S.K.: 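Take a look at this one; I'll ask things after.
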Amino acid sequence: MTRTVIFDLDGTLADTSGDLIAAANHCLAGMGASVRLDPVADAPTAFRGGRAMLRLGIERERGTADEAEVDRWYPELLDAYGAAIDVHTRFYPGALDAVEALRSGGSRVAICTNKPAALAEALMTRLGAREMFGALIGADTLPTRKPDAAPYRAAVEGVGGDVARSLIVGDTETDRATARAVGVPCIMVGFGPEGGEVARHEPEAIIGHFDELGATVDRLLGAA
């Protein structure tokens with residue numbers, strides 16, 4: 001049975017926080033707010049999504065965030081992000097080498113992200129890595145998103161894999177909850193915005209660098 005490794009995108013394969021924060025700050029400027037989000041300190045919020053960033057900025061400006069205003073500015077955030085999606089974004093060190101090593105060893109790889117699919121496709125294409133992944137499931141590919149099990153299963157099935165011999169590599173509680181919903185192992189990255197704090201999610205493994213991924217997959221799924 002072929003192994004399948006499913007990757008989250010933001011905060012796992014790539015540090016997208018700079019471009020995400022820039023899009024949120026564009027919106028905050030547009031609504032007349034004096035505050036701006038910080039691309040380093042507020043990176044954990046960036047990886048929780050566009051609405052989370054808008055909500056944080058509005059709360060800092062006004063004390064509370066009106067959800068109607070968050071919803072009103074969300075399309076503008078997506079437009080701003082799509083227009084400058086790869087200015088600051090970079091893959092984490094060793095990420096693509098680790099993915100290629102898995103592929104060369106016979107494993108199947110795919111992406112399951114809560115980023116809208118069109119933006120995820122655009123980003124991976126702009127970064128020159130889309131062809132490395134056999135499938136890409138985004139937040140709006142299906143009626144549900146992570147941590148629901150359906151998107152994960154769709155990613156595995158999209159590369160002809162078997163859920164019973166698969167795992168997810170991620171950086172947030174959402175990825176850990178997805179693994180639990182499906183009943184598969186979760187590897188969390190310790191170099192993302194939460195750092196070593198990801199241990200509180202009790203994943204099956206934590207890697208400090210992508211150099212550790214291959215051996216960790218071997219341990220959890222068996223050799224290819």
Side-chain angles (χ1 to χ4, degrees), residues 7-90 111-127 136-152 154-155 170-178 181 188-189 192-195 197-198 200-201:
F7 291 88
D8 174 56
L9 177 49
D10 299 72
T12 298
L13 284 171
D15 183 354
T16 57
S17 59
D19 293 321
L20 289 166
I21 293 288
N25 284 338
H26 164 83
C27 293
L28 291 170
M31 64 179 71
S34 61
V35 302
R36 297 292 183 270
L37 301 185
D38 183 270
V40 176
D42 294 321
T45 300
F47 294 134
R48 290 201 294 271
R51 286 187 173 84
M53 290 187 293
L54 291 172
R55 196 174 294 116
L56 176 62
I58 295 170
E59 286 173 350
R60 285 180 179 168
E61 178 75 10
R62 301 171 190 165
T64 59
D66 178 62
E67 287 304 308
E69 186 173 22
V70 170
D71 290 342
R72 184 165 63 251
W73 280 94
Y74 183 63
E76 176 70 20
L77 183 148
L78 294 182
D79 287 345
Y81 179 60
I85 200 169
D86 63 340
V87 176
H88 304 291
T89 293
R90 300 290 184 272
I111 291 171
C112 184
T113 175
N114 275 353
K115 184 190 290 295
L119 290 175
E121 291 279 3
L123 177 60
M124 293 302 292
T125 299
R126 292 283 292 272
L127 294 178
L136 189 158
I137 303 297
D140 50 358
T141 303
L142 300 176
T144 59
R145 61 174 66 188
K146 296 185 299 183
D148 188 87
Y152 179 91
D171 69 303
T172 68
E173 182 179 9
T174 298
D175 300 307
R176 183 69 187 101
T178 301
M188 299 194 78
V189 299
E194 292 193 37
E197 292 299 312
V198 296
R200 74 182 189 277
H201 303 307

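For the numbers below, each heavy atom of this structure counts, side chains included, while hydrogens, waters and symmetry mates do not. This structure is a prediction, so every number in the text was calculated from the model and none was measured.
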S.K.: Between CG of Asp15 and CZ of Arg90, what distance do you get to the nearest 0.5 Å?
M.R.: 10.0 Å

S.K.: Within the distance-only criterion (no hydrogens, no angle test), does the side chain of Asp42 pair as donor or acceptor with the backbone N or O of Pro39 below 3.5 angstrom?
M.R.: no

S.K.: Among side-chain atoms of Glu61 and Ser34, is any donor-acceptor pair under 3.5 angstrom?
M.R.: yes

S.K.: Rounded to the nearest 0.5 Å, what separation is found between the OH atom of Tyr81 and the CG atom of Leu119?
M.R.: 6.5 Å

S.K.: Using side chain to side chain donor-acceptor pair (under 3.5 Å) as the criterion, point out the one residue from Arg72, Arg51, Arg55 that pairs with Glu67.
M.R.: Arg55

S.K.: Could you measure the distance from the SG atom of Cys27 to the CH2 atom of Trp73? Nearest 0.5 Å is fine.
M.R.: 6.0 Å

S.K.: Could you tell me which non-hydrogen atom of Ile21 sits nearest to which non-hydrogen atom of Ala46, and how far apart they are?
M.R.: CD1-CB, 4.0 Å

S.K.: Is the shortest heavy-atom distance from the side chain of Thr113 to the side chain of Ile137 under 4.5 Å?
M.R.: no

S.K.: Taking the side chain as everything from C-beta on, heavy atoms only, tell me whether Lys115 gets closer than 4.5 Å to Leu123.
M.R.: yes

S.K.: Nearest 0.5 angstrom please: Asn114 CG to Asp10 CG, how far?
M.R.: 9.0 Å

S.K.: Grab the two heavy atoms, one from Val189 and one from Gly11, that are nearest each other, plus how far apart they are.
M.R.: CG2-O, 3.6 Å

S.K.: Do the side chains of Glu197 and Met188 get nearer than 4.5 Å, heavy atoms only?
M.R.: no

S.K.: Output yes when Arg200 and Glu194 qualify as a salt bridge under the 4.0 Å nitrogen-oxygen rule, no when they do not.
M.R.: yes

S.K.: Report yes if the side chains of Leu54 and Glu69 come closer than 4.5 Å at any heavy-atom pair, otherwise no.
M.R.: no

S.K.: Looking at every non-hydrogen atom in both residues, tell me the closest pair between Tyr152 and Cys112 and how far apart they are.
M.R.: N-SG, 3.8 Å

S.K.: Considering residues, nucleotides and ligands other than Glu76, do more than 12 of their heavy atoms fall under 6.0 Å from its CD?
M.R.: yes

S.K.: Is the shortest heavy-atom distance from the side chain of Arg48 to the side chain of Met53 under 4.5 Å?
M.R.: no

S.K.: Can any side-chain N or O of Arg126 pair as donor or acceptor with the backbone N or O of Asp86 at less than 3.5 Å?
M.R.: no

S.K.: Please test Ile111 against Leu13 for side-chain contact (heavy atoms from CB on, under 4.5 Å), starting from the C-alpha separation and ending with a verdict.
M.R.: CA-CA 9 Å; Ile111 291 171; Leu13 284 171; 4.0 Å; yes

S.K.: Is the side chain of Thr12 donor-acceptor paired with the backbone N or O of Leu9 at a distance under 3.5 Å, no angle test?
M.R.: no

S.K.: Closest approach of Thr144 and Pro151, non-hydrogen atoms and distance?
M.R.: O-CG, 3.3 Å

S.K.: Which heavy atom in Asp71 sits nearest to a heavy atom in Pro75, and how many Å separate them?
M.R.: O-CD, 3.2 Å

S.K.: Please examine the side chains of Leu56 and Thr45, heavy atoms only from C-beta on, and report whether any two atoms are closer than 4.5 Å.
M.R.: yes

S.K.: Please assess Tyr74 against Leu78 for the test side-chain contact (heavy atoms from CB on, under 4.5 Å), listing each intermediate value before the final yes or no.
M.R.: CA-CA 6 Å; Tyr74 183 63; Leu78 294 182; 3.6 Å; yes

S.K.: Decide yes or no for Asp66 and Ile58: does some side-chain heavy atom of the first lie under 4.5 Å from some side-chain heavy atom of the second?
M.R.: no

S.K.: Within a strict 4.5 Å, meaning less than it, do heavy atoms of the Arg176 and Val198 side chains meet?
M.R.: no

S.K.: Look up atom OG1 in Thr178 and atom CG in Asp8, then write down how far apart they are to the nearest 0.5 Å.
M.R.: 8.5 Å

S.K.: Mind checking the CG-OG1 spacing from Leu127 to Thr16? Nearest 0.5 Å is all I need.
M.R.: 10.0 Å

S.K.: Could you tell me which non-hydrogen atom of Asp175 sits nearest to which non-hydrogen atom of Gly170, and how far apart they are?
M.R.: OD2-CA, 3.4 Å

S.K.: Counting distance only, does the side-chain N/O of Asn25 pair as donor-acceptor with the main-chain N or O of Leu37 below 3.5 Å?
M.R.: yes

